[in-house]
Structures are given as structure tokens and as C-alpha cells.
Asker: 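Just dropping this structure here.
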Amino acid sequence: MQPTLRSLVQHSALKLTVLTGAGHLDAAVRWAQVSELEDPVPYLDGGELLLVTAMKLDAEDPHAMRRYVRRLTRAGVVGLGFAAGVNYAHVPDALVEAAREEDFPLLEVPRRTPFIAITKAVSAAIAAEQYRSVTAGFEAQRDLTRAALAAEGPAALLGRLATHVRGWAALFDVSGALVATAPAWAARRAVRLTGDVERLRDRPAPASAVVSVPHPADGGSADDRVELQSIGSGGRIRAVLAVGTSAPPGTAERYAVNSAIALLTLTTERSRALREAEQRLGGAVLRMLMAKEAEHARAVAGTLYGELLDAPLRLAVAESPGPAHGPGTEALSALADAVEAAAARSGESVLAVPDGPRLVLLAADGGAAIAACAERARSTGSPGGAGEDSQTALAVGVSAPTGITGAATAFKQAEQALSVARRRGANLVEHEEMAAGSVLPLLADDAVRAFADGMLRPLREHDASGRGDLVASLRAWLSRHGQWDAAAADLGVHRHTLRYRMRRVEEILGRSLDDPDVRMELWLALKATHAPTPPDAR
């Protein structure tokens with residue numbers, strides 16, 4: 001154990017005598033330092049046992065001794081060893097009284113005990129403690145390695161880590177959700193760290209932070225000191241480890257924490273490699289589904305995706321406008337992480353396959369994975385906006401629910417919904433919205449507007465000259481399905497006037513209104529030039 005004043009006093013060879021401060025003998029001694037300076041504080045680091053012979057001290061002056069002891073106390077010196085029989089036969093009363101006023105440990109060192117003996121005793125005890133800490137650290141490393149290889153996975157490792165640090169441990173996934181804790185009661189404290197975990201997650205890896213967590217509700221009397229450590233390599237955070245203790249970890253505990261970080265990082269990266277292999281297998285399964293080879297896909301997948309291929313499912317296609325190998329790729333990767341983490345927490349299976357600059361998801365209808373996809377998409381910037389936020393924005397199209405045999409159709413639906421989301425500048429569009437809604441929002445495309453403006457421009461130029469109102473007359477006539485009397489009544493003109501205007505429309509456009517295709521194009525042109533801007537594009 002680390003040397004203390006008490007262990008030095010109890011050392012039979014040193015023969016030290018306690019004169020004052022007997023209540024503070026359990027203070028740890030970081031070093032034994034000899035100094036005869038009147039003010040040794042600038043050369044001290046705190047935690048020392050200071051050894052003096054009072055060669056340059058006026059140890060019989062009460063005022064000088066009060067100042068001297070007060071400086072030592074404020075500098076963090078844990079005790080003063082005074083050599084009796086060198087410059088003073090006994091420890092001067094002025095020094096004893098000054099130490100007593102400050103309740104500061106003052107030890108009398110007999111003449112036959114050289115200072116070097118005290119220094120050696122402290123050094124030996126420190127070396128023994130360091131050896132014990134290193135040995136305990138290596139044992140913790142072996143113990144944690146065995147736990148990491150256990151079937152329980154991270155939960156077993158966290159349990160052993162909590163034992164070694166005499167505290168608790170928790171693991172958060174990349175979305176900030178709590179994955180596991182040890183002991184179980186620590187979950188009540190770990191959930192209070194969500195905000196701190198999210199802030200750490202947004203920093204470049206490796207990252208760490210120290211925070212305090214109060215816990216009076218579950219029987220604690222003081223705050224826990226919690227270290228947050230990022231898990232992952234390559235500059236990207238994959239998870240966050242939280243370690244809660246009542247005091248800063250010692251050498252052995254630090255070995256245990258560092259070992260846990262290394263093992264969790266290795267486990268995470270191995271999981272990433274396995275996930276990449278699963279993605280390649282998932283890509284093959286998806287291609288089979290697109291080729292309508294459902295039974296072959298089921299045979300290749302085996303039990304890898306659980307009951308996903310047997311349940312109603314949805315297919316989603318996501319993309320980001322950010323450049324390749326940059327913010328866009330990172331946004332899609334973060335989406336995959338969030339979806340897979342949500343699926344894991346709810347016990348679902350999900351198939352996430354990178355498809356060039358896009359990400360394809362196959363997930364259970366109404367499950368946590370689809371909900372996480374929608375939440376993640378809506379939390380990003382607008383795909384049609386400007387600035388840095390648009391570089392990490394997501395546009396997602398989601399199919400209608402289907403079975404495994406309808407996966408190819410679902411993929412087309414998701415692509416159609418994605419195309420609409422892209423045109424609207426929306427983060428998420430579901431296929432049901434397109435089927436249940438109006439076609440008019442689809443006319444907001446710039447190319448459609450340009451076509452409409454070009455078709456109607458001759459009529460508008462005619463109206464601008466003050467020679468009639470052909471555009472309004474055409475709209476009224478088309479809205480009444482070519483019924484002259486009803487359209488004329490809407491305009492407040494005679495039906496012969498309306499007939500004349502429609503002949504002028506035909507003459508100006510060079511097209512016959514008897515052709516249903518012409519009537520359809522004109523009606524769409526009229527609607528396109530008055531189509532409202534979709535709410536998502538504002």
C-alpha cells in the first residue's frame with residue numbers, strides 16, 4: 001500500500017514520535033524531502049513529508065513559526081519531520097505550538113535516525129505500491145480479456161471492470177443509447193449521462209471527459225466521478241465507455257480502464273469487419289430479392305436476419321447530397337449505425353446495404369429500425385438547402401409495406417419516393433403519401449414549370465396587349481369540361497364570346513382543343529404555373 005505518516009511512525013527502525021496532528025496520520029506520503037529553506041514552497045509539489053534540522057529557521061520565534069507552518073499547510077505538505085539533537089536539542093515550543101494551532105502533523109526525528117533512512121523507507125513503500133499496482137493491472141488485463149471472450153460479450157467485460165475499479169461501468173452505442181451496465185443498479189446513474197455522451201460523440205476520436213453524477217435518490221451520499229472514454233479507431237467514435245468511481249482511479253484501476261478501452265475497441269472493430277461481411281452477404285440477398293428469387297434469398301440468408309424475411313417489411317433508399325468520401329458518406333454511415341443500434345435494442349433484424357452513393361434498408365414494418373431511420377433523416381438539414389448543414393442532410397424514400405415476394409416492387413416505390421423527396425427538398429417521403437396525395441405537388445419541378453411557361457406564353461402575351469383574357473377563359477372552359485354555358489356563366493360573358501376566345505386560343509397555339517392530349521397538357525400547364533410550393537421545400 002502507499003506509504004502514510006502512520007506507516008512511517010509504526011516503522012520500528014525509524015523511531016519517530018508524533019508531537020501534533022495525530023488525527024491526520026493517514027495522509028498519503030508522496031515523497032520525503034529535505035529542505036532548510038525558510039520558504040521551500042516553490043520547490044514542493046504537495047503530498048511531501050518535509051524533513052528539517054532548522055539550520056536556517058528561527059524555530060523559537062512564534063510569529064516566524066506560525067508563518068512557516070501556515071505556508072506548508074497551504075502548499076499541501078502532509079507533515080514535518082524535525083531532527084532533534086542537531087541544531088536544537090528538542091523540538092522548539094514555538095514550532096510545536098504553531099503546528100498544534102494548524103492541527104498539522106509534526107514528527108520528532110531522533111538523532112540516531114538519519115533522514116536518508118526515512119527517504120529510503122518512503123521510496124521502498126512507493127516502489128512496492130507501484131509493483132503491486134502493475135501486477136494488479138496485468139491481472140486485471142487478463143481477467144478482462146477472458147471476460148471479453150465470454151459469450152455474454154460487453155456485459156461480462158463491464159462486470160469485471162466494475163469490480164476492478166470498485167465502482168460501476170456503462171457502455172453507450174453511437175446513437176447515445178445505453179447498451180449495458182454493471183452492476184444493474186448503475187443504469188439509474190448512467191441514464192443521466194446521455195447529454196454528456198452525445199457531446200463527446202460529436203468530438204473527434206479519441207476523446208474523453210470527466211463529469212460528476214449525483215445519486216442521492218439511490219442511496220448515495222456524494223457525487224460519482226465519471227470518466228467518459230470514446231471507443232473506436234480511425235478517428236471515428238463507435239461507442240462510449242463510462243466508468244463511475246468515488247475517487248480518481250489509482251494506477252491499478254487505470255490499467256483496468258485502459259485495458260477495457262482497448263478490448264472494447266478491438267471487439268467493436270471486429271464487429272465492424274463482421275458487419276462488412278454481413279453487408280456483402282446482405283447485398284447478395286437484396287439482389288436476389290430484386291430478381292424475384294425470394295426462396296434463393298431466404299436460403300442464402302439462413303437465420304442471419306431472424307424473422308425479417310418472414311414478416312411484413314418496408315424498403316428504404318437514402319442518399320445525401322454531400323460529396324463522396326466526405327460529409328455525405330459520413331451521414332449515410334451514421335444513419336446505418338443509428339438504424340442498426342435501434343434494431344439491436346428492440347431485438348429486430350435489419351438489412352443495411354451500401355449501394356454506391358446510397359444506402360438501402362430492409363426492415364420490419366412498424367419496427368424501431370424504420371422509426372429510427374425517419375427520426376435520423378428529419379434531424380438533419382434540408383437536402384435542398386445551402387451551407388454546411390445541407391452537406392450532411394439526408395433524403396429518404398420509403399416503400400409501402402410488403403412481403404418478401406414484393407421486394408422488387410417495394411424498391412421501385414422507395415426510389416420513386418426518394419425522387420419526390422429530392423424534388424421537394426424534403427428529408428423523408430413515404431410511398432403512401434404519393435399514392436394518397438395529389439399529383440399537383442409533383443408539378444413544382446423546374447422543368448415542368450418551364451414547359452408550362454413556354455406553352456402558355458403566347459396566350460399571356462396576347463392578354464398583356466389588352467385584347468382579351470384568353471388564359472382565364474381557357475381555365476374556365478377546361479374546368480367545366482368544355483361546357484360552354486357553364487364556363488361562360490363563370491366568366492360572366494356570352495357563350496358566343498367564349499367560343500370566339502377558344503378559336504383564338506387554337507389559332508395562337510396552332511393546336512386543336514378537340515385533341516384530348518392537348519387539353520390535358522394545357523390543363524397541367526395551367527395547374528403547374530399555379531402549383532403551391534410544398535411545405536417541405538419552404
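Hydrogens, waters and symmetry mates play no part in the numbers below; they use all other heavy atoms, side chains included.
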Asker: Can you see which heavy atom on L513 is nearest to which on V518, and at what distance?
Answerer: CD2-CG1, 4.5 Å
Asker: Between the side chains of R519 and D514, is the shortest nitrogen-to-carboxylate-oxygen separation below 4.0 Å, so that they form an ion pair?
Answerer: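 Looking at R519 together with D514, the answer is no, because their closest N to O distance does not fall below 4.0 Å.
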Asker: How many angstroms lie between CZ in R501 and NE2 in H462, if you round to the nearest 0.5 Å?
Answerer: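 Here the interatomic distance stands at 9.5 Å.
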Asker: How long is the straight-line distance from CG of L263 back to CG of L144, given to the nearest 0.5 Å?
Answerer: 6.5 Å
Asker: How close do L158 and A180 get, heavy atom to heavy atom, and via which atoms?
Answerer: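 It is CD1-O, 3.5 Å.
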Asker: Find out whether L526 and V471 are in side-chain contact, i.e. whether some heavy atom of one side chain is under 4.5 Å from a heavy atom of the other.
Answerer: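 Yes, side chains in contact.
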Asker: The test is side chain to side chain contact (heavy atoms under 4.5 Å, CB included); show your working for L308 and V350 and say whether it passes.
Answerer: CA-CA 7 Å; L308 175 62; V350 63; 5.5 Å; no
Asker: By the definition salt bridge (charged side-chain N to carboxylate O under 4.0 Å, His left out), identify the one residue from R146, R132, R160 that meets it with E139.
Answerer: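 It is R146; the other options fail the test.
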Asker: Could you give me the CA-CA distance, side-chain angles and deciding distance for L228 and V210, then say whether side chain to side chain contact (heavy atoms under 4.5 Å, CB included) is met?
Answerer: CA-CA 6 Å; L228 299 176; V210 177; over 6 Å; no
Asker: Assess whether a salt bridge exists between R358 and D355, defined as any Lys/Arg side-chain N lying under 4.0 Å from an Asp/Glu carboxylate O.
Answerer: yes
Asker: Does F411 form a side chain to side chain contact (heavy atoms under 4.5 Å, CB included) with V360? I'd like the steps, not just the answer.
Answerer: CA-CA 9 Å; F411 184 75; V360 181; 4.1 Å; yes
Asker: I'd like to know if the side chain of D515 reaches the main chain of D517, judged simply by a donor and an acceptor atom lying under 3.5 Å from each other, with no hydrogens or angles considered.
Answerer: yes
Asker: Would you say that V339 contacts L361 through its side chain, given a criterion of any heavy-atom pair below 4.5 Å between the two side chains?
Answerer: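 The answer is yes; the side chains approach within 4.5 Å.
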Asker: Which heavy-atom pair separates M502 from L474 by the least distance, and what is that distance?
Answerer: CE-N, 3.6 Å
Asker: Taking the side chain as everything from C-beta on, heavy atoms only, tell me whether T181 gets closer than 4.5 Å to W168.
Answerer: no
Asker: Which pair of heavy atoms, one from A410 and one from T402, lies closest together, and at what distance?
Answerer: CB-CG2, 3.7 Å
Asker: Go through the steps for F172 and V179 under the test side chain to side chain contact (heavy atoms under 4.5 Å, CB included), then give the verdict.
Answerer: CA-CA 5 Å; F172 298 82; V179 175; 5.7 Å; no
Asker: So, are E521 and R511 salt-bridged, with charged N and O less than 4.0 Å apart?
Answerer: yes
Asker: Quick check: do S473 and L491 have side-chain heavy atoms less than 4.5 Å from each other?
Answerer: yes
Asker: Are the charged groups of R499 and E506 less than 4.0 angstrom apart, N to O?
Answerer: no
Asker: Determine yes or no for a side-chain-to-main-chain donor-acceptor pair under 3.5 angstrom, with E253 supplying the side chain and G250 the backbone.
Answerer: yes
Asker: With rounding to the nearest 0.5 angstrom, report the CZ to CG distance, R475 to L470.
Answerer: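 With rounding to 0.5 Å, CZ (R475) is 12.0 Å from CG (L470).
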Asker: Give the C-alpha distance, both sets of side-chain angles, the deciding distance and a yes or no for salt bridge (Lys or Arg N to Asp or Glu O under 4.0 Å) between R298 and E293.
Answerer: CA-CA 9 Å; R298 197 191 304 274; E293 297 178 356; over 6 Å; no
Asker: Quick one: closest heavy-atom pair of D453 and R460, and the distance?
Answerer: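 Closest approach of D453 to R460: OD1-NH1, 4.2 Å.
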Asker: Name the one of S379, S320, C373 that satisfies side chain to side chain contact (heavy atoms under 4.5 Å, CB included) with L394?
Answerer: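 Output: one option passes, namely S320.
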Asker: Taking the side chain as every heavy atom from C-beta outward, state whether T245 and R166 have any atom pair closer than 4.5 Å.
Answerer: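 Side-chain contact under 4.5 Å: no.
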Asker: CG of L315 to CD of Q413: how many Å apart, nearest 0.5 Å?
Answerer: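 It comes to 9.5 Å.
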Asker: Measuring from atom CD1 of I508 to atom CG of D463, what distance do you get when rounded to the nearest 0.5 angstrom?
Answerer: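 So the gap between those two atoms works out to 8.0 Å.
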Asker: Contact between V300 and L281 at the side-chain level, heavy atoms closer than 4.5 Å - yes or no?
Answerer: yes
Asker: Kindly indicate whether the side chain of L359, heavy atoms from C-beta on, has any atom under 4.5 Å from the side chain of L335.
Answerer: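 Side-chain contact under 4.5 Å: yes.
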Asker: Would you indicate whether E375, at its atom CD, is surrounded by more than 12 heavy atoms from other residues, nucleotides or ligands within a distance under 6.0 Å?
Answerer: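 Counting neighbours around CD of E375, 12 or fewer heavy atoms of other residues, nucleotides or ligands fall under 6.0 Å, so no.
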Asker: Less than 4.0 angstrom from a charged side-chain N to a carboxylate O is my criterion; do K412 and E415 meet it?
Answerer: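 Looking at K412 and E415, the cut-off is not met.
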Asker: List the atom of A239, the atom of L171, and the distance in Å for their closest heavy-atom pair.
Answerer: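 Scanning both residues, the minimum pair turns out to be CB-CD1, 4.2 Å.
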Asker: How long is the straight-line distance from CG of L161 back to CG of L241, given to the nearest 0.5 Å?
Answerer: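 That separation rounds to 6.0 Å.
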Asker: Hey, does H431 have a side-chain heavy atom less than 4.5 Å from the side chain of V398?
Answerer: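 The answer is no, as the side chains (C-beta and beyond) never meet within the 4.5 Å cut-off.
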